[in-house]
There are 2 protein chains.
Amino acid sequence: MMAPVATALLTKLTTSNVLDGEDIQAIQRLPIRFRELDARQIIVADGERPAECCLLAEGFTFRSKTTFDGLRQILSLHVPGEIPDLQSLHLKVMDHDLVTLTPCELGFIPHDALRQLNRERPNVASALWRETLIDAAIFREWIVNVGRRSATARMAHFFIELFRRLEAVGRTRDGGFELPITQVELADCLGISTVHVNRVLQDLRKEGLLTVNRANFHLLERKKLEQLAGFDPTYLHQHPDL
Amino acid sequence: MMAPVATALLTKLTTSNVLDGEDIQAIQRLPIRFRELDARQIIVADGERPAECCLLAEGFTFRSKTTFDGLRQILSLHVPGEIPDLQSLHLKVMDHDLVTLTPCELGFIPHDALRQLNRERPNVASALWRETLIDAAIFREWIVNVGRRSATARMAHFFIELFRRLEAVGRTRDGGFELPITQVELADCLGISTVHVNRVLQDLRKEGLLTVNRANFHLLERKKLEQLAGFDPTYLHQHPDL
DNA sequence: TTCGGATTCCAACTCATGTTAAGATTGATG
DNA sequence: CATCAATCTTAACATGAGTTGGAATCCGAA
């Protein structure tokens, strides 16, 4: 009688970690409180001290910070199977917001249960630690993206990364994916203005590199986009040997 | 007979973690290979698969990535007591360079020894995991810095962060610190051009907010700099309760 | 002490991106 | 199916930051 929510976590964990049968059972035995949320709801807010972690089963979430003068920067997007606030297990106070981008299915896991799991299954502990390290690796690449790439390369890089991560959890469909994101939100991901997002998107479409209709992004020329972005997938560590 | 190098690590760990006597002894028993390096030497390079971690005992190191077209972005600066490549314990391939900024005293600790320590002292394992999470929290703030703050605010934020981190390990002297960094390197930290670094530095000096002579940075008006930067120290998690 | 390379500083000019404002589309809702 | 709010699009204009090039300093090495 396993929480269906845990399936997403296992799918994700096993793409970049090796787990044995007992590890998997221990994960399936986790007490998980299921919950659905609408789009654009704050799951955990900056400054809070949560007592549980949030497992994303369906939908997209993002993490963001808002500067003193009201500008928002999105720090990461999360795909199903991830635990976007796993850091709260060891950092008691949230230093950013965790927000739903789309309607989401979420599973909340008490910190106590996770700590016990870590003690009893060192293998799982390593896997979870590793997940937080991959998280950090993605932050690093985002620093490069925002700090050193042109707006166009930045956007290309963003889409390629997202594609690869969605692909790993089986959420792409023939070279595309569904991501209901507004241009305002894209701007906050890339550290540029909304108007400029629009300009760059027009360019990429004009060049025949991608199409967007509704929430449907289709990467027509993945190779070209990767070149344009200077994309190197190493940092995603999508294989246990990396 | 403890490696003097381990002292730096303990100083750092105990500022944001609670360790008991046995934990401390276990750390002191770690086999550490001592080594000195000149300034601007690569310690571990992008793409390598190191078998040990590097403990910084004296000096400064930084981590950086270089884009396809040769632009460099510095991802983090490291102060004595930190283990800048602790992530390599679980991420086998380096996705960035680790480099000395100044002449450094380093201690190299085999991955095996660290893994054994983690198994035997879960408390230490948590502390080390936590350190990597703080690392990630700093990355997040750097994303905001580079993505959403003006060049001036960015630089102010950088100096304040550094001051706080150095203060925590007792490396500041009356409102200042010594950091032998060139304007080129500052530019790569902040994601701006060298010329612009110079302009902004002039401005900050003209405003009487800081002075620099040689490698000596003196923050004359810390409060004003913090306001200018919109600095909120939460993300540094410099206390075990945070 | 002198030399040469690295670093800092400065000014003129260019350009990528931001800002503001206004229509045009779209999509929910009654 | 009319309406309204949100989103997208486009244009005109403003500006922060990049680029180039060169002078002034600094500093270690001979």
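The analysis underlying the following values was restricted to heavy atoms, covering all of them including side chains, and did not include hydrogens, waters or symmetry mates. Residue numbering restarts at 1 for every chain, and letters A, B, ... go by the order of the sequence lines.
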inquiry  = Using a heavy-atom cut-off of 4.0 Å across all strands, would you classify B/Arg154 as base, sugar-phosphate, or nothing?
reply    = nothing
Below 4.0 Å: OP1/OP2 of [N] and any side-chain N or O of [X]:
| X | N | answer |
| --- | --- | --- |
| B/Arg205 | C/dC9 | yes |
| B/Asn198 | C/dC9 | yes |
| B/Arg199 | D/dG18 | no |

request  = Select from A/Val184 and A/Arg148 the residue whose nearest nucleotide in DNA chain D is closer to the 5' end of that strand.
outcome  = A/Val184
ask   = Closer to the 5' end of DNA chain C via nearest nucleotide, is it B/Thr194 or A/Thr152?
value =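 The residue mapped nearer the 5' terminus is B/Thr194.
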Atom [atom1] of [X] and atom [atom2] of [N]: how far apart are they, to the nearest Å?
| X | N | atom1 | atom2 | answer |
| --- | --- | --- | --- | --- |
| B/Gln202 | C/dA11 | CD | P | 10 Å |
| A/Lys206 | D/dT9 | NZ | P | 12 Å |
| B/Asn213 | D/dT25 | CG | P | 17 Å |
| A/Ile192 | D/dC8 | CD1 | P | 13 Å |
| A/Asp188 | C/dG18 | CG | C1' | 14 Å |
| A/Arg149 | C/dT17 | CZ | C1' | 18 Å |
| B/Leu201 | D/dT25 | CG | C1' | 16 Å |
| A/Arg40 | D/dA6 | CZ | C1' | 10 Å |

What nucleotide, of [options], holds the atom closest to the side chain of [X]?
| X | options | answer |
| --- | --- | --- |
| B/His196 | C/dG18, C/dT19, D/dA17 | D/dA17 |
| B/Ser193 | D/dT19, D/dC27, C/dT8 | D/dT19 |
| A/Val195 | C/dG27, D/dC27, C/dA21 | C/dA21 |

ask   = Name the one of B/Lys65, B/His96, B/Gln73 that satisfies side-chain hydrogen bond (donor to acceptor under 3.5 Å, both in side chains) with A/Glu141?
value =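 Of the listed options, the one satisfying the test is B/Lys65.
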key: Carboxylate-amine/guanidinium contact A/Arg148 B/Asp188, below 4.0 Å   =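 Yes, this pair counts.
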ask   = Could B/Glu82 and B/Arg165 be called an ion pair, given the rule that one side-chain N must be under 4.0 Å from one carboxylate O?
value =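 Result for this pair is yes, salt bridge flagged.
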key: Parallel, tilted or perpendicular: ring planes of B/Phe163 versus B/Phe177, cut at 30 and 60 degrees   = tilted
ask   = Can you tell which of B/Leu56, B/Leu37, B/Val99 makes a side-chain contact (heavy atoms from CB on, under 4.5 Å) with B/Thr61?
value =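 That would be B/Leu56; it is the only one of B/Leu56, B/Leu37, B/Val99 passing the side-chain contact (heavy atoms from CB on, under 4.5 Å) with B/Thr61.
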